[in-house]
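Ligands are counted one by one from 1 in listed order, and the atoms in each one are counted from 1 as well.
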Amino acid sequence: MHDMSSISPASDIRIHALQTGTVAIKELQSNGRGRDKSSLLRVFAARRWTEPLPILAWLIEHPEGLIVVDTGETSRVSEPGYLPRWHPYYRVALREWVTREDEIGPQLRRLGFSPDDVRWVVLTHFHTDHAGSLAHFPNSEILSSKVDFEYSRGMRGRARGFLPQHWPQWFSPTLVEPGRRPFGPFPASTALTAAGDVHLLPTPGHTPGHLSVALEAGDTVFFFAGDVSYTEQLMLQGVVDGVTPDPAAARATLGRVRQLVTDRPTVYLPTHDPAAVARLTQRQVVTASSVRQQA
Ligand SMILES: [Zn+2]
């Protein structure tokens, strides 16, 4: 079954966009205004909210198996006590709307799949809107960066706003360390597939071990960016977000992405970009002129 939010970039591959609800954040979180130092307190105090933004996850039908990039959010966020209100981020800086039917499990079933059919789940990072629905995947191999797993677990992870207390009991991800092969401007990629067409790329900044996923289909790269930036525009402008613990690393990652989209036709797919699904289905690559204009 082929939904309206999918594209087949090669005869044996199909990519589906799955919207697992919406989120609103403070505008200063999405656009840190390029300051040298991020300020969480400034984000918390800000008045202006973004419009409701999509929480996207991605399904890749690949000859070697189904690949899911991020699980999206869980409808449990509306249960009292699920989100820790003692944490200022959840108290003042995040609003989410997720129904049970928005969750990735029901969405996969509507497409004719079972979550049990998914071979690999790649987590870009552990923020709840990316890792909130792990519970749907007890029989898949789940991959995350070693750096972000350590950064997000335990009491220190909870203090940083992660929710390891909600990870399933069985959760034991395959930990990815920076690979040995360069992929374009990225020095340390790891191939996920034996065919070598799906790459896990360290893209530190938003979190220290943030991973992006690049799928090569012919000349074109489909770049699943997680929260490397909230929109394509912010990536082109090189504007870091307002919550990064390391603005210099975030800026270096944005520079590498800009180099990639200059070197190769690239469809750029961040998790929260309202234009991402249309770019996917129209196979709309970043144009060289838009890179030059912003540089
Ligand atoms: Zn995030």
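Taking 2.8 Å as the threshold, D129 does not count as a candidate ligand of the Zn ion (ligand 1), since none of its N, O or S atoms lies below it. For a distance bound of 2.8 Å, the N, O or S atoms of H130 include none lying that close to the Zn ion (ligand 1).
Counting heavy-atom neighbours within 6.0 Å of R283 CZ, excluding the residue itself, gives a total above 12. Shown here is Q169, whose CD atom has no more than 12 heavy atoms of other residues, nucleotides or ligands within 6.0 Å.
The minimum distance between the Zn ion (ligand 1) and any N, O or S atom of H127 involves atom ND1. Summary: NE2 is the N/O/S atom of H125 found nearest to the Zn ion (ligand 1). Within D227, the N, O or S atom at minimum distance from the Zn ion (ligand 1) carries the name OD2.
Taking the charged nitrogens against the carboxylate oxygens, E177 and K146 have no contact shorter than 4.0 Å, which rules out a salt bridge.
The ring of W167 has its center closer than 6.0 angstrom to the ring center of F149. Checked against the 6.0 Å centroid threshold, Y151 and F126 do not count as a close aromatic pair.
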